[in-house]
K.L.:
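Just dropping this structure here.
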Amino acid sequence: MANEEDDPVVQEIDVYLAKSLAEKLYLFQYPVRPASMTYDDIPHLSAKIKPKQQKVELEMAIDTLNPNYCRSKGEQIALNVDGACADETSTYSSKLMDKQTFCSSQTTSNTSRYAAALYRRGELHLTPLRGILQLRPSFSYLDKADAKHREREAAHEAGDSSQDEAEEDAKQITVRFSRPESEQARQRRVQSYEFLQKKHAEEPWVHLHHHGLRDSRSEHERQYLLCQGPSGIENTELVKSPSEYLVMLMPPNQEEEIDKPAAPSHVLSMAQLRALPLADQIKTLMRNVKVMPFANLMSLLGPSTDSVAVLRGIQKVAMLVQGNWVVKSDILYPKDTSSPHSGVPAEVLCRGRDFVVRLVLGEEGPWACLSASATHVPPEQPRVPPPGPAGLVSGDQRVQVARSKAQQNHTLLEQELQRRKEQARASTVLPGVRVKEEPLSEEGEDEGPMDTSPSAGLHNRLANGLPAGRAAGGDSFNGHPPPGCASAPVARELRAFVEATFQRQFVLTLSELKRLFNLHLAGLPPGHTLFSGISDRMLQDTVLAAGCKQILVPFPPQTAASPDEQKVFALWESGDVSDQHRQVLLEIFSKNYRVRRNLIQSRLTQECGEDLSKQEVDKVLKDCCVSYGGMWYLKGTVQS
């Protein structure tokens with residue numbers, strides 16, 4: 001009551017709702033000019049509107065007698081737009097730019113909360129707005145001038161050609177019928193920008209008559225802004241209770257439905273995350289975060305989440321390491337997948353990640369079995385203390401477990417170290433012994449050991465599957481192994497690798513093949529037969545024996561490709577229908593370093609005796625070639 005006495009009512013104003021112009025009233029805004037410079041006194045030459053799109057165009061006259069008007073520029077613009085000859089279709093009939101066009105754009109699609117108000121004789125009359133439009137100058141005449149310029153150039157070029165040229169021979173025309181449109185294709189076409197532009201262009205213009213601000217017709221139309229009913233009886237919208245009137249005056253804020261851009265597949269908002277089951281929430285968070293304390297996980301899941309249920313769920317996707325939950329490798333790298341960057345299989349990534357985490361974190365327990373397989377130490381059942389109330393292990397308990405495990409494994413580690421020293425001593429070569437390099441072919445081309453230096457893309461200190469120290473030790477591990485070392489199992493394993501590799505990639509350089517071979521070695525368990533040492537010559541002989549051929553690509557003299565990158569091998573026969581097409585393509589590249597597509601297609605048509613479809617040609621090119629700068633190269637022969 002005290003507040004009402006301090007704030008008395010000064011005046012009461014009746015509010016009326018006028019509906020006569022409710023569906024026809026638009027508010028025009030001119031953002032390029034200040035409010036003090038209106039267009040009221042400027043002659044309006046024409047006006048038109050598209051009601052469905054709420055698009056308006058106005059043509060207004062330009063004062064050509066104004067001292068600020070450049071007459072020469074106006075004449076030049078009219079000449080560029082209409083040309084020298086004026087006709088009915090001319091934009092500027094006076095050969096002078098004497099008018100300009102204003103085109104509208106919508107400021108908002110929801111105008112239900114906007115109205116035009118007129119205050120008269122103590123009454124406030126409101127009329128709802130149909131639309132709010134902003135009008136800006138349109139420069140479509142420049143597009144017309146460019147079109148005229150192109151027409152003149154085309155006519156000039158046509159005039160230079162000979163008029164007595166014989167008619168062209170009749171050409172055969174192939175009639176094609178479009179296939180039935182699917183529902184998905186139709187939806188994509190309807191949602192495309194071209195379709196929307198076409199629909200907008202189909203709506204006809206409605207031409208209007210403009211009346212000035214002080215015109216008698218304008219005065220008559222302004223009377224419709226006042227409520228026409230006697231004392232507002234017909235305005236039942238305002239005969240409401242105070243609460244209903246307040247809701248109508250200030251409706252709830254409803255956001256406009258806007259098509260939000262689709263987020264990337266690996267991005268998930270918190271709202272979408274909360275809609276998932278608890279197990280999927282935990283799995284999604286751990287896959288993205290990788291390492292997280294239990295307290296942080298609970299804060300992300302929300303205060304109402306049961307910690308016991310979270311603890312049960314996280315044990316399925318993560319393991320406890322030094323007080324933090326670390327996601328399991330098989331969750332990050334699912335089975336039967338490979339890395340999108342290097343193509344390494346998921347099994348190799350999981351094994352490498354587990355071993356790296358074991359070495360970096362120094363944690364026992366779940367990683368002990370992996371360490372045993374890597375060091376050939378027999379694994380023992382790890383003794384992990386029971387977790388605490390929150391699923392954590394104290395530091396003292398961890399230290400005790402580490403000490404006990406170190407004492408138990410001390411003897412085994414000493415035995416393993418002694419065994420490795422004896423092996424290294426047995427494989428040592430006396431100083432001064434020179435390694436003999438065997439020729440690759442009858443021509444006497446010498447081939448050294450496989451280059452696995454860092455410049456070749458490998459950083460694991462392996463030389464064809466052996467440590468660098470052992471690889472440099474003697475002839476057994478450079479060039480061919482001695483008799484009896486390259487056994488049948490080694491040849492079978494190498495042959496299987498080569499055949500599987502060329503079934504996936506039909507064309508490979510020696511450098512790329514060596515890189516793939518070393519990646520294959522990295523995924524093999526310790527002690528595998530391929531670790532006995534594979535030379536470049538043995539690898540190339542296996543490639544040729546597997547049904548591949550070396551393609552002598554004529555590299556340019558200034559090429560920066562290494563010798564291994566200039567040795568190109570291709571699978572000659574794979575048993576599919578594309579073998580003949582692939583062989584023709586490889587013969588083309590045995591004489592050309594780079595080729596255009598039309599030459600390849602014509603040669604394929606000539607050799608195969610039939611017109612190949614675009615899909616068949618694309619398949620052959622995709623299998624063997626890469627495109628760069630409009631030319632096609634064999635894979636691996638073009639430097640990136």
Side-chain angles (χ1 to χ4, degrees), residues 16-35 37-40 42-61 91 99-118 125-144 187 189-213 215 217-228 235 237 248-261:
Y16 298 96
L17 183 63
K19 290 186 173 181
S20 300
L21 300 177
E23 297 298 325
K24 304 175 183 178
L25 187 60
Y26 291 88
L27 175 64
F28 287 0
Q29 297 176 342
Y30 299 88
V32 297
R33 295 187 68 170
M37 299 176 62
T38 65
Y39 292 96
D40 296 341
I42 295 179
H44 289 60
L45 303 180
S46 65
K48 55 185 179 179
I49 184 175
K50 289 185 177 183
K52 293 182 179 180
Q53 303 177 37
Q54 295 189 8
K55 185 176 181 180
V56 176
E57 283 191 5
L58 300 178
E59 282 190 358
M60 299 186 189
T91 303
K99 60 182 178 181
Q100 62 177 337
T101 304
F102 287 82
C103 188
S104 69
S105 61
Q106 280 186 310
T107 59
T108 178
S109 59
N110 183 14
T111 58
S112 60
R113 301 180 60 182
Y114 298 92
L118 181 62
H125 299 262
L126 301 179
T127 303
L129 291 177
R130 174 69 184 278
I132 302 177
L133 307 178
Q134 290 186 349
L135 283 88
R136 294 178 173 85
S138 174
F139 301 97
S140 58
Y141 60 89
L142 296 179
D143 297 334
K144 189 174 180 181
Q187 292 180 359
R189 181 177 58 82
V190 170
Q191 296 175 359
S192 64
Y193 177 76
E194 290 80 8
F195 183 81
L196 294 178
Q197 289 292 99
K198 182 179 178 182
K199 293 292 291 183
H200 290 170
E202 289 177 355
E203 183 181 357
W205 287 102
V206 178
H207 293 272
L208 309 174
H209 296 281
H210 179 268
H211 299 274
L213 181 64
D215 190 86
R217 182 61 184 271
S218 298
E219 292 289 346
H220 176 73
E221 292 292 333
R222 273 196 292 270
Q223 297 299 320
Y224 288 110
L225 294 175
L226 301 176
C227 182
Q228 303 301 316
N235 294 285
E237 285 78 1
M248 294 181 63
L249 186 63
M250 295 294 294
N253 187 14
Q254 298 179 354
E255 296 182 357
E256 299 180 6
E257 294 183 0
I258 302 176
D259 294 336
K260 297 182 179 179

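Just so we're clear, the structure is a prediction, and the values are computed from it rather than from any experiment. The analysis underlying the following values was restricted to heavy atoms, covering all of them including side chains, and did not include hydrogens, waters or symmetry mates. Counting begins at 1 with the first residue of the sequence.
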K.L.:
Determine yes or no for a side-chain-to-main-chain donor-acceptor pair under 3.5 angstrom, with Thr101 supplying the side chain and Ser138 the backbone.
P.N.:
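Side chain of Thr101 to backbone of Ser138: no pair is present.
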K.L.:
How would you list all residue pairs meeting salt bridge (charged side-chain N to carboxylate O under 4.0 Å, His left out) that involve residues 43-58, not counting sequence neighbours?
P.N.:
Lys48-Glu57
K.L.:
Short question: side chain of Arg130, backbone of Tyr26 - any donor-acceptor pair under 3.5 Å?
P.N.:
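Not at all, since once roles are kept as given, no pair shorter than 3.5 Å links the two residues.
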K.L.:
Using the test side-chain hydrogen bond (donor to acceptor under 3.5 Å, both in side chains), find all partners of Gln100 that sit at least two apart in sequence or belong to another chain.
P.N.:
none
K.L.:
So which heavy atom on Lys99 is nearest to which on Leu45, and how close?
P.N.:
CB-CD1, 3.7 Å
K.L.:
Which heavy atom in Arg217 sits nearest to a heavy atom in Asp215, and how many Å separate them?
P.N.:
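In terms of heavy atoms, the two residues are closest at N-OD2, 2.9 Å.
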K.L.:
Just jot down the ring pair (Phe, Tyr, Trp, His ring centres under 6.0 Å) partners of His210, sequence neighbours excluded, or say none.
P.N.:
His44
K.L.:
State whether the side chain of Gln53 and the backbone N or O of His200 hold a donor-acceptor pair below 3.5 Å, judged by distance alone.
P.N.:
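Side chain of Gln53 to backbone of His200: a pair is present.
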K.L.:
With sequence neighbours excluded, what pairs up with His220 under the ring pair (Phe, Tyr, Trp, His ring centres under 6.0 Å) test?
P.N.:
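His220 satisfies ring pair (Phe, Tyr, Trp, His ring centres under 6.0 Å) with Tyr224 once adjacent residues are dropped.
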K.L.:
Determine whether Arg33 and Leu135 satisfy the following criterion, side chain to side chain contact (heavy atoms under 4.5 Å, CB included), listing intermediate values before the conclusion.
P.N.:
CA-CA 10 Å; Arg33 295 187 68 170; Leu135 283 88; over 6 Å; no
K.L.:
If we ignore angles and hydrogens, is there a donor and acceptor under 3.5 Å between the side chains of Gln134 and Thr107?
P.N.:
no
K.L.:
Measure the shortest side-chain to side-chain distance between Thr111 and Pro128 over non-hydrogen atoms and say whether it is less than 4.5 angstrom.
P.N.:
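The answer is no, as the side chains (C-beta and beyond) never meet within the 4.5 Å cut-off.
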K.L.:
So which heavy atom on Ala61 is nearest to which on Ile42, and how close?
P.N.:
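Result for this residue pair: O-CG2, 3.5 Å.
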K.L.:
Looking only at side chains, do Asn110 and Ser112 share a donor and an acceptor under 3.5 Å apart?
P.N.:
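Present: a donor and an acceptor within the cut-off.
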K.L.:
If you define the side chain from C-beta out and look only at heavy atoms, does anything of Ser46 sit under 4.5 Å from His207?
P.N.:
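No, every pair of side-chain atoms sits at 4.5 Å or beyond.
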K.L.:
What pair of heavy atoms forms the shortest contact from Glu203 to Pro51, and how long is it?
P.N.:
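So the minimum-distance heavy-atom pair works out to OE2-N, 3.3 Å.
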K.L.:
Does the pair Glu194/Lys198 count as a salt bridge with the N-to-O cut at 4.0 Å?
P.N.:
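The answer is no: the pair does not qualify as a salt bridge.
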K.L.:
Can you give me the closest heavy-atom contact between Tyr114 and Ile132, atom names plus distance?
P.N.:
CG-CD1, 3.9 Å
K.L.:
Sequence neighbours excluded, which residues qualify as side-chain hydrogen bond (donor to acceptor under 3.5 Å, both in side chains) partners of Gln223?
P.N.:
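So Gln223 forms no side-chain hydrogen bond (donor to acceptor under 3.5 Å, both in side chains) with any residue.
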K.L.:
Do the side chain of His125 and the main chain of Leu118 share a donor and acceptor less than 3.5 angstrom apart?
P.N.:
no
K.L.:
What pairs with Tyr39 under ring pair (Phe, Tyr, Trp, His ring centres under 6.0 Å), at least two apart in sequence or on another chain?
P.N.:
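Result, ring pair (Phe, Tyr, Trp, His ring centres under 6.0 Å) vs Tyr39: Tyr30, Phe102.
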